[in-house]
Amino acid sequence: MKRRIASHYALIDGCLERNIIVEVDALGTITRIEHCTDLDREAGVEFYPGILIPGMVNAHCHLELSYLRGAIAEGGGYATFASEIGRVRGGFSDEERLRKASIADAKMWAEGIEAVADIANDDLIMQIKEESKIEYKTLFEFFGLNNYNTEALEELASRYKNASVTPHSTYSVQDREFRSICSGSRELLSLHFMESENEVLLYLHQGPLNEWYNRMGWECDFICHGSPARRVAACVAEDTNLLLVHNTCAKEADVTLIEQRVKGGATWVLCPESNRYISNLCPPVKMLEELGCRIAIGTDSLASARTLSMVDNMRLLGDVPLVRLLTYATINGAKALGLEATKGSIEIGKSPGLVILEGVDFATMTLTDTAHTYRLL
Ligand SMILES: [Zn+2]
């Protein structure tokens with residue numbers, strides 16, 4: 001049984017178009033996209049107020065941290081957040097962790113998230129992800145300046161479909177381990193990148209990270225790279241799908257250097273709700289747009305965000321045109337995860353999921369405070 005679905009607008013080919021009817025078959029594959037002159041005169045069309053968009057892609061999440069919702073106070077800055085998370089992490093049972101991850105997964109699906117690049121530290125919640133309707137790409141993150149054993153994590157990742165290993169960041173992994181994970185035929189890498197100024201300062205033997213490492217007696221053998229961006233450009237294979245997450249303190253020169261290195265460009269994943277929660281910094285969305293970068297949106301975890309809502313994150317990106325925000329949230333994320341053949345856009349032959357964005361002010365084409373998404377199929 002085919003369904004014909006319409007809304008006030010539909011996101012087609014990177015544009016918001018009116019008078020579109022999308023026909024899908026029973027499996028959710030798009031079989032036809034009709035341009036009509038007057039929707040009111042079409043019979044057998046399901047009409048939903050709002051904007052019809054494809055299922056969204058959350059390009060950065062830590063589903064396993066869903067149990068920490070509200071456990072860490074807002075606005076403490078990155079160093080405080082990092083130490084707080086260490087403090088509160090242990091105080092919950094596996095049952096509680098599983099329950100909260102399961103609830104968050106179901107909510108993301110209902111809100112129209114189709115695929116997720118999900119960071120993991122262990123495999124406790126892998127079964128939830130394997131059984132979910134959402135397509136997860138799990139990235140087990142390797143970190144620790146005294147951790148030289150990448151094999152154990154590689155072995156863990158190899159037990160699961162759609163799982164691989166990634167370095168946590170440019171400040172928490174030594175050189176040999178960083179290189180061994182980044183080089184080779186890695187399909188997907190995701191790095192927390194330039195979330196705070198301290199990451200840059202470390203490479204200048206300055207700042208709180210440097211002081212902390214000195215106090216602990218930890219030495220970094222990667223400072224010779226000169227900066228986080230130079231380290232990435234020197235170590236990452238050029239044909240990797242590279243996701244750089246946060247980028248709040250990235251400068252134009254950093255972005256250009258990495259864009260030149262990675263074939264087809266990196267994906268610059270922005271998590272503005274998490275930035276607001278932790279440090280009140282805003283990602284440089286304008287600069288990234290001007291440089292022509294591929295921008296995607298991540299929700300980060302419930303440890304550093306009130307919700308895992310893509311709309312809440314879009315709203316925080318300020319005066320970016322809505323159609324661009326929707327592009328970040330859909331096809332750009334799909335490209336970042338290598339899923340663009342089937343997901344991320346409303347095109348014949350694809351089965352991207354269909355979602356309604358409600359609560360848009362059509363006069364200004366902006367998201368209102370009550371804007372939200374829900375899944376149709
Ligand atoms: Zn993260």
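As the structure lists them, so they are numbered: ligands from 1, and atoms in each ligand from 1. The basis for the numbers below is simple: all heavy atoms, side chains too, and nothing from hydrogens, waters or symmetry mates.
- In Asp13, the CG atom is not crowded: 12 or fewer heavy atoms of neighbouring residues, nucleotides or ligands sit closer than 6.0 Å.
- Trp109 carries Arg375 over the face of its six-membered ring, with the cationic atom under 6.0 Å from the centre and within 45° of the normal.
- Residues passing the side-chain hydrogen bond (donor to acceptor under 3.5 Å, both in side chains) test with Glu238: none are found, sequence neighbours excluded.
- In summary, no N, O or S atom of His246 is located under 2.8 Å from the Zn ion (ligand 1).
- For the side chain to side chain contact (heavy atoms under 4.5 Å, CB included) criterion with Phe140, the lone passing option out of Ile119, Asp118, Asp123 is Asp123.
- Of all N/O/S atoms in Asp300, OD1 sits nearest the Zn ion (ligand 1).
- Rounded to 10°, the angle formed at the Zn ion (ligand 1) by His62 NE2 and His192 NE2 is 100°.
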